[in-house]
2 protein chains.
Amino acid sequence: MIPCIIRRNAAAIRWPRPRYLASVASPVKEAAFFPDEPAKPHVVTAIPGPESKKIMSKLDQYQDTRSVFFVADFAKSKGNYIVDADGNTLLDVFAQIASIPVGYNNPAFMALAQKPAFQTALANRAALGVNPNVDWVDSVEKAFMAVAPKGMTNVFTVMCGSCANENAFKTAFMYKAARRRGDRDFNPDELNSCMKNQAPGSPDDMSILSFSQAFHGRLFGSLTATASKAIHKVDIPAFDWPKAPFPQLKYPLDDHKEHNRKVEQAALDQVERIITNAKKPVAGLVVEPIQSEGGDNHASPEFFRGLQAVCQKNDVLFIVDEVQTGVGATGTFWAHEAWQLPSPPDMVTFSKKFQAAGFYLSPRLRPAHAYRLYNTWMGDPVRAMQAAAIVQEIKDKQLLRNVQNVGSYLQDNLADMARSTPIENVRGQGAFIAFDLPDAKTRDSFLVDMRQRGVNIGGCGERTVRLRPMLTFQRQHADILLDTMKASLA
Amino acid sequence: MIPCIIRRNAAAIRWPRPRYLASVASPVKEAAFFPDEPAKPHVVTAIPGPESKKIMSKLDQYQDTRSVFFVADFAKSKGNYIVDADGNTLLDVFAQIASIPVGYNNPAFMALAQKPAFQTALANRAALGVNPNVDWVDSVEKAFMAVAPKGMTNVFTVMCGSCANENAFKTAFMYKAARRRGDRDFNPDELNSCMKNQAPGSPDDMSILSFSQAFHGRLFGSLTATASKAIHKVDIPAFDWPKAPFPQLKYPLDDHKEHNRKVEQAALDQVERIITNAKKPVAGLVVEPIQSEGGDNHASPEFFRGLQAVCQKNDVLFIVDEVQTGVGATGTFWAHEAWQLPSPPDMVTFSKKFQAAGFYLSPRLRPAHAYRLYNTWMGDPVRAMQAAAIVQEIKDKQLLRNVQNVGSYLQDNLADMARSTPIENVRGQGAFIAFDLPDAKTRDSFLVDMRQRGVNIGGCGERTVRLRPMLTFQRQHADILLDTMKASLA
């Protein structure tokens, strides 16, 4: 386990300081993680520039490119800086939608590419459920088990975050159905009806409960649980699964304690009412530690502990979606460590910055029959080896402490900036930080302007700007970000 | 385009010989593709052996290992031979569930691993919808467009076969809903209701039509379309989408022409009835060229042309699932080339042997709005580069011709063997071949015995044995397979 020591300056504490935190350490000296990365952004063309546009136009023959910001030249990118096809150098706090962990062209990753075992895994893609390689168990231990949430000993690996969530949902349904069935095996009626997508084999009386503004993916089950933007969902058939309102807190949290406490209690009461009265009984509840795509919506550790308690009371599996929050961005390896749960979640899903996707599960959730959780690849040994390298790099470079330090620094400075600029509702956990601008149009213009000034940055929700720096983001980068923001907002 | 020339010995023709085939070429001389691969299987322990069992036992602490055949030592595997943790060397005609294309440790793959562009792609995982790399369009052209089904110019890439099918289904729903809507944009009722998983925004009056025994994946939408085995489906909520009976042909096809023609016509009529009377109108029909997991069930080119015609007549999108059949195993790059469709399918999905997953689509199916087909990674540049290398290797080594030759040889010899052994219903297209044993128990024992005799082989359906050799499988390997089968069946 990576020890979960969070260090925050008193002024930057956004949560009541949990008792488990070690005493505040003195700041680690900020030696640059990438001595050879650019000193600052350098923009030479409009973004996207002519070369990006040329490539995008060629690509658009084959693929929709309307979502493309610019074309990257990853060979020239380094550390926290991305270089584009036109030679523009941008400080990157979007990081491939929050999915680059330890900097572009990290030497540890480049070294891994030279290793024979890595090249073997690349050239021979295993069907892990049939023929795991001799070193797969080693990867499982060094990547997934080394940072397993406390008390969690099992992991199922897949290919992406949506698949991770869908397999977690399947696990919840299998568990719930087995509980209902008791000791008996499947009966012929169940086995025959499911082949026609009909009850009782395909149960139409079970659901997954998720929250308004949640994002859990874009496949049919995960999209049903998603409610961040209508454009993701409209026209796609969905299951009739319920949504609970996510508490709408006021920021800064410390200034609105009483209001926020009431709002959270009301949300908890509503969750319990939905579970108790659900026309389709709830097999699992899925929640993000910070609702990311939906606008960086926070809730308190007390709220999440309350959620788990409601789930346990009603035999609902408690699923934590750490696809975007996991792997260090909040200052602990898993964001939910900050909740200090009395017992582990039932499942924790991951992807993005871990490069490998999957979910942790309690051993009691292993299906009674084989081949119930299964697919061809069942993950990717190559990405698992990279995940192990990420874990090692986080330890070696003390990157969690770095995130805590730079996160505090950023949060403090953004809080200051909120007094003299239009930014508001500054909120964050570690370096997983967001703030709002007055409206969507202002936010969108800000993102474009920041990019043109050399900072690659992204939005979420209606009018939110989200910071998703890599774990190697340091104070010198934070100063550039803050200065560029000041110039843009002036 | 790789020219789709199929060569078959007259005796081996299982389909009426299509007019588009070039005249029969003389067999290519069978130089070994891997001069340094083992000459034959070599088994030294029970399978799984003690070392496999030791590793499986360790792994089982973290992951369910009940489906594992044995632990592989990919570093020692070569060409068509897989070596296990105990040093057993097996001829592999299962090939990681039909997903190894050009042999273990193929030199082209090993050379690719040394290339700086490949290592850059590995160390910097792109979010392709935001920041495609400068060389992504090159991979798209060399991998996907170089072998695009005739007339198909667009491709959407994802991470696995289930995701490929689900995104194809989403595309069908978006297309159908847009057709219904006419020229107008989404209305507030649609945008609001979908956030609650309710109609009209989450339509409950559209479906995907698939076939009995089909396999299209294991996520919520793809699992709904799947009907191969109850154990995959039971307890998991499904959409109320219809299933059409897949024609149950008799084999050998040439001996049952009249019966098979009638059965196929009845199935076509039934498909049209389902589409015409569907309580949930059908947006798309999905079909495998050969139903693989469901038991290697074949149908004729006429049947598939008829299916497309029914779809076109009823404005139903025709989706061909080539996840298992694609990338050369049937002797053409895509199995559906053999159908000689008058116009391209609307979508063709792929994964497995291509290493990269996704689907081809008609440009008219691009959604009107951006971000409708979208996710974080949107594929994997590393796997796309491997796909390009596979395409090149298939061209360089004339592997499609190899598959045609060895496929004919295998089919002829298995047909002979059916006269004197319990195997029956020999059927195949190229080297994508199957046969039945009298019952599940006999089949399962046969698979175990074959593995113990040095041939790694898999089953599908109730009592079927499926051959899924790599494209580098040659006559010398076929002889070993046939001899081992004879010994096992004796």
Side-chain angles (χ1 to χ4, degrees), chain A residues 58-59 62 64 66-67 69 71-75 85 96-97 104-105 109-110 113 119-120 122-124 127 129-134 137 140 154-155 159-160 166 170 173-174 177 186 190-191 194-195 197 201-203 218-221 224 227 230 233-238 240 366 370 375-376, chain B residues 58-59 62 64 66-67 69 71-75 85 96-97 104-105 109-110 113 119-120 122-124 127 129-134 137 140 154-155 159-160 166 170 173-174 177 186 190-191 194-195 197 201-203 218-221 224 227 230 233-238 240 366 370 375-376:
Chain A
K58 193 173 177 192
L59 181 59
Y62 317 121
D64 188 349
R66 286 172 292 180
S67 59
F69 289 2
V71 175
D73 190 338
F74 289 118
Q96 309 305 313
I97 322 182
Y104 293 113
N105 291 299
F109 268 33
M110 302 312 286
Q119 296 180 357
T120 293
L122 262 168
N124 305 282
V130 183
N131 290 139
N133 194 28
V134 286
V137 65
V140 170
N154 269 234
V155 68
M159 299 302 301
C160 69
E166 297 230 343
K170 284 177 64 173
F173 288 123
M174 290 189 278
F186 310 113
E190 289 161 348
L191 294 173
C194 76
M195 298 297 264
N197 298 327
S202 303
R218 289 168 166 271
L219 305 172
F220 284 88
T224 297
K233 289 175 70 82
V234 65
D235 294 345
I236 313 298
D240 184 16
R366 275 197 197 182
N375 59 58
T376 298
Chain B
K58 193 173 178 193
L59 182 58
Y62 317 121
D64 186 351
R66 285 172 294 180
S67 59
F69 288 3
V71 175
D73 190 339
F74 290 118
Q96 309 305 312
I97 321 180
Y104 292 112
N105 291 301
F109 267 33
M110 302 313 286
Q119 296 181 357
T120 293
L122 262 169
N124 305 282
V130 183
N131 292 139
N133 193 28
V134 287
V137 64
V140 170
N154 270 234
V155 68
M159 300 303 302
C160 70
E166 298 230 343
K170 283 178 66 173
F173 288 122
M174 289 190 277
F186 310 114
E190 288 161 348
L191 294 174
C194 76
M195 298 295 265
N197 297 328
S202 303
R218 289 167 166 271
L219 305 173
F220 285 86
T224 297
K233 288 174 71 79
V234 66
D235 294 345
I236 313 297
D240 183 16
R366 273 196 199 183
N375 60 56
T376 298

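Order of the sequence lines fixes the chain letters, A, B, ..., with proteins taken first and strands second; residue numbering starts at 1 for each chain. Note that the structure is a prediction, hence the values are computed from the model and not measured.
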Task: Top of B:Asn197, B:Val155, B:Leu191, B:Thr120 for chain A proximity - count of heavy-atom pairs under 4.5 angstrom - done: B:Asn197
Open item on the list: As an exercise: rank A:Ala177, A:Ser67, A:Gly221 by heavy-atom pairs under 4.5 Å with chain B and give me the winner.
Closed with: A:Ser67
Open item on the list: For A:Ala123 versus B:Phe109, what's the shortest heavy-atom pair and its separation?
Closed with: O-CD2, 3.6 Å
Task: From CZ (B:Phe173) to CG (A:Asp235), nearest 0.5 Å - done: 10.5 Å
Open item on the list: At a 4.5 Å cut-off on heavy atoms, which part of A:Arg366 comes close to chain B: side chain, backbone, both, or neither?
Closed with: side chain
TODO: Check the pair B:Val137 / A:Val71 against side chain to side chain contact (heavy atoms under 4.5 Å, CB included), numbers first and verdict last.
DONE: CA-CA 10 Å; B:Val137 64; A:Val71 175; over 6 Å; no
Task: Residue pair B:Lys233 / A:Cys194: nearest heavy atoms and the distance that separates them - done: CE-O, 2.8 Å
Open item on the list: Tell me which of these, A:Asp64, A:Leu59, A:Asn133, has more heavy-atom pairs under 4.5 Å with chain B than the rest.
Closed with: A:Asn133
- [ ] May I ask you to name which of B:Val134, B:Thr224, B:Asn131 has the most heavy-atom pairs under 4.5 Å with chain A?
- [x] B:Asn131
Task: Among A:Leu122, A:Asp240, A:Ile97, A:Thr376, residue most engaged with chain B (heavy-atom pairs, under 4.5 Å) - done: A:Leu122
Open item on the list: If you count heavy-atom pairs within less than 4.5 Å of chain B, which of A:Glu166, A:Gln119, A:Met110 leads?
Closed with: A:Glu166
- [ ] Just give me the residue among A:Arg66, A:Lys58, A:Met159 that pairs up with chain B most often, heavy atom to heavy atom, under 4.5 Å.
- [x] A:Arg66
Task: Under 4.5 Å from a heavy atom of chain B, the part of A:Phe186 involved - done: side chain
TODO: Mark yes or no for whether A:Asn124, through its side chain, and B:Asn105, through its backbone, hold a donor-acceptor pair below 3.5 Å.
DONE: yes
- [ ] Among A:Ala230, A:Ala227, A:Pro203, single out the residue with the greatest number of heavy-atom pairs under 4.5 Å to chain B.
- [x] A:Pro203
Task: For chain A, the option from B:Asp73, B:Leu219, B:Ile236 that forms the most heavy-atom pairs under 4.5 Å - done: B:Ile236
- [ ] Under 4.5 Å, counting heavy-atom pairs only, tell me which of B:Pro237, B:Gly129, B:Ala113, B:Ala85 racks up the most with chain A.
- [x] B:Pro237
Task: Nearest non-hydrogen partners of A:Lys170 and B:Arg218, listed with the distance - done: NZ-O, 2.8 Å
Task: Contact class of B:Val140 relative to chain A, heavy atoms under 4.5 angstrom - done: side chain
TODO: Could you tell me which portion of A:Val234 (side chain, backbone, both or neither) has an atom closer than 4.5 angstrom to a non-hydrogen atom of chain B?
DONE: both
TODO: Just give me the residue among B:Gly201, B:Ala370, B:Pro132, B:Ala75 that pairs up with chain A most often, heavy atom to heavy atom, under 4.5 Å.
DONE: B:Pro132
